[in-house]
There are 2 protein chains.
Amino acid sequence: MSGLRERKKEATRAALSWAAVRLTAERGWSAVKVEDIAAAVGVSPRTYNNYFSSKAEAIAFRHLERSLRLAAELRHGPPGEPLWEAITRAALRQLEPGPEVEHMPPQGPDEWAAGLRVMLAEPALEAEMLRAGKIAEKELAAAIADRTGMNLGTDLYPRLVAASVMAASNVALELFVQGGTGEPMEVLLPRALRMVAAGLPTP
Amino acid sequence: MSGLRERKKEATRAALSWAAVRLTAERGWSAVKVEDIAAAVGVSPRTYNNYFSSKAEAIAFRHLERSLRLAAELRHGPPGEPLWEAITRAALRQLEPGPEVEHMPPQGPDEWAAGLRVMLAEPALEAEMLRAGKIAEKELAAAIADRTGMNLGTDLYPRLVAASVMAASNVALELFVQGGTGEPMEVLLPRALRMVAAGLPTP
DNA sequence: GCGAATTTTTGCGTGCCACGCATTTTCTGT
DNA sequence: ACAGAAAATGCGTGGCACGCAAAAATTCGC
């Protein structure tokens with residue numbers, strides 16, 4: 001309905017999420033209390049839980065948003081475009097930093113990878129990230145079902161495509177974060193997507 | 001090294017996990033306290049946390065074990081067998097109820113599905129299940145890398161296959177649990193595996 | 001503009017959970 | 001049987017999620 005109120009809410013949510021990430025990167029996950037995150041945003045600790053139902057959720061929120069955008073973009077893109085091209089294009093676009101990162105210290109890909117390693121080392125955070133991915137996967141499957149005219153409740157295809165896309169994204173990210181190959185996400189991600197789309201026969 | 005001690009530990013761990021599942025199915029997740037689980041097994045609450053580092057972990061443990069068996073079976077199977085046949089065979093075998101279920105009330109597939117729905121409705125449990133799947137995926141990727149002589153640190157293939165296998169399993173399970181099609185897992189799972197192996201072109 | 005209604009924030013209190021540490025009990029190897 | 005190792009337990013602490021009701025802020029009808 002209204003604009004200002006909801007935008008303010010989203011701003012607070014984003015600020016909390018962002019503060020949680022920053023503080024965790026600085027001090028480590030267990031050293032940051034909910035109270036600290038709330039204080040960094042200038043809000044009461046009780047209010048934090050009005051926005052996020054767990055400490056971990058604030059950190060996974062950015063991941064969730066980006067993943068959800070993928071599904072949204074798939075819905076609003078040109079309907080005629082072949083499915084996998086649309087998916088690849090939408091996935092690649094999520095790699096571009098959004099406007100919210102403007103007033104952050106500029107992060108190279110190395111710092112980003114290091115930060116992610118820290119996050120995923122914490123079991124609670126890993127679990128919450130995975131849950132976020134799963135939520136986005138549901139949206140993605142629904143979008144694909146719409147696009148292909150298939151039945152989400154009975155057809156394997158939409159869910160399989162959605163799950164495979166998330167799998168490819170995660171694998172590409174893992175390899176990037178682990179840094180075995182020096183290749184950037186812009187290279188790894190499309191390659192992984194092409195592979196799952198084409199099939200994975202024994203080489 | 002020793003036998004009795006470790007077997008007793010595993011027995012306790014399994015008993016705790018089993019008690020957690022049973023109590024949760026009966027009363028619901030939030031109504032069962034760690035104290036209850038411990039009491040059901042005849043062990044101190046403090047001891048529970050020597051086995052599982054969270055309340056949810058006990059429930060995901062059965063899922064974790066089964067998923068890990070898949071990787072183990074892939075390692076110990078005939079090395080000559082084509083990769084995807086070996087995977088499918090190993091995956092199907094995990095559907096057979098293990099010997100630990102012998103003295104449980106016989107569960108039809110419907111009760112099983114209902115139980116799973118309850119579990120996955122709880123965010124904390126869903127997250128923990130996903131984490132268990134992720135851990136197993138790592139093992140699976142390593143097994144596949146070994147089998148194909150590929151490099152886990154630089155090649156996408158092993159991780160992609162592992163992730164796709166887990167994705168297919170999860171999708172098959174979702175569809176089964178949701179029950180849109182009346183088909184059993186023994187049918188859905190191989191079909192999903194065949195699809196991800198062959199590729200997912202727009203139909 | 002202004003006051004009423006709705007929404008959001010906050011303070012407070014409760015119950016539970018994860019875990020460190022020291023102690024006791026149980027098991028193993030010789 | 002005994003010494004040493006490993007596991008179970010008791011106790012205490014800090015923190016987190018959340019229900020509830022009061023207070024503050026914002027929207028909307030007029």
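The chains referred to below are lettered A, B, ... by the order of the sequence lines, with proteins before strands, and numbering in each begins at 1. None of the values given here were measured: they were computed from a predicted structure.
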**Item:** Donor/acceptor link under 3.5 angstrom from A:R46 side chain onto base of D:dG19
**Value:**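 Side chain to base: pair found, below 3.5 Å.
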Using whole Å, what does the distance between atom [atom2] of nucleotide [N] and atom [atom1] of [X] come to?
X      : N      : atom1 : atom2 : result
B:Y48  : D:dA7  : OH    : C1'   : 18 Å
A:K8   : D:dT26 : NZ    : C1'   : 8 Å
B:E122 : D:dA17 : CD    : P     : 14 Å
A:R7   : D:dT27 : CZ    : P     : 10 Å
A:L16  : C:dT8  : CG    : P     : 15 Å
B:E6   : D:dA5  : CD    : P     : 17 Å
B:N49  : D:dT9  : CG    : P     : 12 Å
B:N50  : C:dT23 : CG    : C1'   : 14 Å

**Asked** Looking only at side chains, do A:Q94 and A:R66 share a donor and an acceptor under 3.5 Å apart?
**Response**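 On atom types as modelled, these side chains do not qualify, holding no pair under 3.5 Å.
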Look at the side chain of [X] and decide which nucleotide, out of [options], has an atom nearest to it.
X     : options                : answer
B:T47 : C:dA18, C:dC27, D:dA8  : D:dA8
A:K33 : D:dT9, D:dG15, D:dC20  : D:dG15
A:S44 : C:dC27, C:dG11, D:dG10 : C:dG11
A:V43 : D:dA7, D:dG10, C:dT10  : C:dT10

Does the side chain of [Y] come within less than 4.5 Å of [X]'s, by heavy atoms?
X      : Y      : result
A:H63  : A:M119 : no
A:E57  : A:R131 : yes
A:P190 : A:L92  : yes
B:E174 : A:E137 : yes
B:E35  : B:Y48  : no

**Prompt:** Is the distance between the ring centroids of A:W18 and A:F61 under 6.0 Å?
**Reply:** no
**Asked** Taking DNA chain C as the partner, which of residues 34-42 of chain B come within under 4.0 angstrom of it by heavy atom?
**Response**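 Going residue by residue through residues 34-42 of chain B, the ones with a heavy atom under 4.0 Å of DNA chain C turn out to be B:V34.
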**Request:** List in numerical order all residues of residues 51-60 of chain A for which some heavy atom is under 4.0 Å away from an atom belonging to DNA chain D.
**Result:**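 Hits under 4.0 Å, by residue number: A:S53, A:S54, A:K55.
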**Item:** Candidate pair B:E10 and B:R13, rule salt bridge (Lys or Arg N to Asp or Glu O under 4.0 Å), full reasoning
**Value:** CA-CA 5 Å; B:E10 284 317 298; B:R13 178 178 268 105; 2.9 Å; yes
**Prompt:** Mind checking what makes side-chain contact (heavy atoms from CB on, under 4.5 Å) contact with B:D36, not counting sequence neighbours?
**Reply:**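 For B:D36 the side-chain contact (heavy atoms from CB on, under 4.5 Å) partners, ignoring immediate neighbours, are B:L23, B:R27, B:V32, B:K33.
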